[in-house]
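All values below were derived from every heavy atom in this structure, side-chain atoms included, with hydrogens, water molecules and symmetry-related copies excluded. The shown structure was predicted, so the numbers you read here are calculated from the model rather than taken from an experiment. In the text below, chain A, chain B and the rest are named by the order of the sequence lines, each starting its count at 1.
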Amino acid sequence: MLVPKITTLLNRSLTAKQLKQLHGFILVHGLDGLIIRHLITSQPNYSQTIAHYLQLILHHSNQPDVDSATSAMRYFCKHGGFHEAFSLYVGLQRSGVSPSTFAVASALKACARLGNRKGGIMIHGQVHRYGFCGDVYVETALVGVYVKLGDMETARKVFDEMSERNVVSWNSMMDGYLRSGSLSMAEVFFNGMPDKDVVSWNSMVSGYLRTGDMEKALRLFQEMPERNQTSWNAMISGYVECGKLDLARSFYNSMPQRNTISCITMIAGYSKCGDIVSARELFDEMGKKDHLLYNAMITCYTKNSRPKEALQLFDEMLQPNVNVQPDKMTLATVISACSQLGDLSFGSWIYKLYMNQMGITMDDHLCTALIDLYAKCGSIDEAFKLFHKLHKKDVVAYTAMILGCGINGKEQIAIKLFDEMMESKIRPNLVTFSGLLTALSHVGMVEESYHCFNSMKRYGLVPTPDHYSLMVEILGRAGRLEEAHNLIKSMPMQPHGGVWGALLLACSTHNDVELGEIAAKHCFELEADCSGYGSLLANIYAGVGRWEDAKRLRKSIHEKGLVKVPGSSWMDHVHE
DNA sequence: CTAGGGTTAG
């Protein structure tokens, strides 16, 4: 009998090749549940491989071993393989083998995480049939399913009928009420719990944080009998959420032991308010950096239009002495950096070679990033190919395509895509309208643009200065300068330099001195670096033959950075 | 075994 020989093998760490041989052996000599279970627990590095082998084996076996299947299900559940876990359970069902309570609990967890209503209800029925109703774990898992499905009524019913409950059962119910927004019911459960653990406290604290009630959250945090990293991290993320970065930072500084998540939360917070220096400081302070931390920092750079730094950091993580494995998120972010730079070669290297080499498969996020890259770099056909490959076309994907068509001279297709999107009942957002207006601006379709701009409020969208800027550009190109000026004056918010800049540019192509001076005045007031605007105004002067004024303006920009326009006292504006 | 915190694309 060769089984003893295998069991001795198991206590050593095996190479992938040895494992494959072992698998062949198991296939030939039949399946032994004990061995499989032992394999999964004793070989953490290869447990995924083993679990997959097991899946295969079960598929071909008509008498699968319940215990080994359960081990595999638990493994998959722990590592996010909920589909695999569920299909293993279905496999057991199909071969008519009675599952264990463990298998049922795992399968229920998988259904909860997948939002698989049908599966959850099916297993609920089986729980009765197998007489697993008295099992706390099974019933708690059942509560978990209904909580995750948002069905608090059924969850409550299951909970009420339980003969025995533990902390987790209570916590699940409380979590469910918090998720469904019933803060008061959650409080009732929190106060009614026979005993609370850290999770109970943490859940309640983050419940208050979600509703923005920082006072109650803080009070509860201070009352906690014991705090763990999650408690601290929740507070940090709460303060980040409401923009109180300094308070978030003081919690970060005073927590006894920080982890990667604490750091990522802070970096994301700094990223949101544009403080990349502080973000980088925290990043550098971390001793051990994983790919999630790298992702956060790289994202911070791309979100703040620093694609070069983003790529530098990506390069750093690939260095042999660092050797941090990137994942899909890393690549999606890095590709976004490439499209900001217009670097098609690096981006497509990732797509065509690197992904293959690393065994990273495409998902819709990644695909959308690539669509944007190819579209921005002029390869609109390639972008379309990728667009058709998407499993689910969402706003972001449509927006990328619309903008891509717009900047590649395919305005009609951009409009068609927008209509198609409407028909699919996908709600456009602010970025979508920027893309559409950009497309329209290239063909000078003024009435269409007005229509588009005005339709924004139908979707509950308030145009941003950028949208006004695009409208000004469109009107300006059509020579409707006065109309553009009036549009700016009608803006409910302070226009930024770009809005007036768009008008100034239009004035320069149409040689309108009077309006040009007004626009330039605002530009000078709103932006630190005015040399570009100054030159535009000088061009207008030159265009109408006011050579002296043009010359003087150019000279003043060049020499002292002092913008002084003849005959206009409001131009006495000093710049550094 | 069951529950809790962070990061991706326009």
Side-chain angles (χ1 to χ4, degrees), chain A residues 70-71 73-75 77-78 100-109 112 135-145 147-148 165-176 178 197-207 209 228-238 240 259-269 271 290-300 302-303 326-337 339 363-373 375-376 386 390 394-404 428-435:
Chain A
T70 309
S71 299
M73 284 174 66
R74 274 173 48 197
Y75 169 79
C77 273
K78 205 170 168 186
S100 59
T101 52
F102 299 134
V104 170
S106 291
L108 283 170
K109 188 194 175 183
D135 189 284
V136 213
Y137 294 119
V138 170
E139 291 205 290
T140 301
L142 215 41
V143 169
V145 168
V147 159
K148 284 276 165 22
R165 304 177 192 96
N166 60 22
V167 214
V168 182
S169 334
W170 283 88
N171 284 347
S172 290
M173 285 302 290
M174 198 179 81
D175 179 56
L178 287 172
D197 64 358
V198 215
V199 178
S200 331
W201 287 88
N202 286 349
S203 303
M204 204 57 223
V205 167
S206 41
L209 292 173
N228 59 13
Q229 291 175 323
T230 307
S231 334
W232 288 90
N233 289 342
M235 288 306 288
I236 293 174
S237 125
V240 161
N259 61 11
T260 322
I261 294 177
S262 336
C263 189
I264 290 171
T265 313
M266 281 308 299
I267 289 179
S271 171
D290 62 6
H291 67 284
L292 299 174
L293 194 59
Y294 269 97
N295 287 357
M297 195 60 223
I298 294 176
T299 302
C300 173
T302 50
K303 281 262 162 72
D327 65 357
K328 287 180 192 194
M329 291 188 189
T330 327
L331 298 190
T333 314
V334 167
I335 287 167
S336 158
S339 62
D363 68 354
D364 280 1
H365 267 286
L366 203 41
C367 191
T368 308
L370 283 164
I371 289 172
D372 180 62
L373 172 75
K376 289 239 170 77
L386 288 162
L390 287 169
D394 65 357
V395 223
V396 186
Y398 267 107
T399 303
M401 274 318 292
I402 289 170
L403 182 66
N429 60 24
L430 289 170
V431 192
T432 317
F433 279 102
S434 294

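In the set B:dA3, B:dG5, B:dT7, B:dA3 carries the atom at the smallest distance from any side-chain atom of A:K109. The side chain of A:T299 approaches B:dT7 more closely than any other nucleotide in the set B:dT7, B:dT2, B:dG6. The side chain of A:V396 sits closest to B:dA9 out of B:dA9, B:dT8, B:dG4. Comparing B:dA3, B:dC1, B:dT8 by their nearest atom to the side chain of A:F102 picks out B:dC1. The A:N233 side chain lies nearest to B:dG5 when the options are B:dG5, B:dA3, B:dG10. Distance from the side chain of A:S336 is smallest for B:dA9 among the nucleotides B:dA3, B:dA9, B:dG4. For A:T432, the listed nucleotide lying nearest its side chain is B:dG10; candidates were B:dG10, B:dA9, B:dT2. Of all nucleotides listed (B:dG10, B:dA3, B:dA9), B:dA9 comes nearest to the side chain of A:A332. Residue A:Q229 has its side chain nearest to B:dG5 when only B:dG5, B:dA9, B:dG10 are considered. Between B:dG10, B:dG5, B:dT8, one nucleotide has an atom nearer to the side chain of A:S237 than all others, and that is B:dG5.
Judged by distance alone, with hydrogens and angles left aside, A:N228 brings no side-chain donor or acceptor close enough to the base of B:dG5 to form a pair under 3.5 Å. At a cut-off of 3.5 angstrom, the base of B:dG4 holds no donor-acceptor pair with the side chain of A:N171. If you check distances only, the side chain of A:T265 never reaches the base of B:dG6 with a donor-acceptor pair under 3.5 Å.
Between A:S169 and A:T140, the side chains place a donor N or O and an acceptor N or O closer than 3.5 Å (distance only, hydrogens not considered). Of the N and O atoms on the side chains of A:T432 and A:T399, at least one donor lies less than 3.5 Å from an acceptor on the other residue.
Rounded to an integer number of Å, the gap from CG of A:N202 to P of B:dA3 is 15 Å. Look at CD1 on A:I236: it is 13 Å from P on B:dT7, rounded to the nearest Å. Nucleotide B:dC1 holds its P atom 12 Å from the CG atom of A:N166, rounded to whole Å. When the P atom of B:dT2 is taken as reference, atom CG of A:D175 falls 15 Å away, rounded to whole Å. Look at NZ on A:K303: it is 9 Å from C1' on B:dT7, rounded to the nearest Å. The interatomic distance linking A:K376 (NZ) with B:dA9 (P) rounds to 12 Å, in whole Å.
Applying the side-chain hydrogen bond (donor to acceptor under 3.5 Å, both in side chains) criterion to A:N259, with sequence neighbours excluded, gives A:Q229, A:N233, A:S262.
A donor-acceptor pair is defined here as one N or O able to donate and one able to accept, closer than 3.5 Å; no such pair exists between the side chain of A:S206 and the backbone of A:L209.
Applying the 4.0 Å criterion to OP1 and OP2 of B:dT2, one finds that A:K148 has every side-chain N and O outside that range.
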Before you tell me yes or no, could you show the steps for A:L403 and A:K376 under side-chain contact (heavy atoms from CB on, under 4.5 Å), namely the whole-Å CA-CA distance, both residues' side-chain angles and the distance that decides it to 0.1 Å? CA-CA 8 Å; A:L403 182 66; A:K376 289 239 170 77; 3.9 Å; yes

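Contact annotation for A:N429: base contact, defined as any heavy-atom pair under 4.0 Å involving a base atom.
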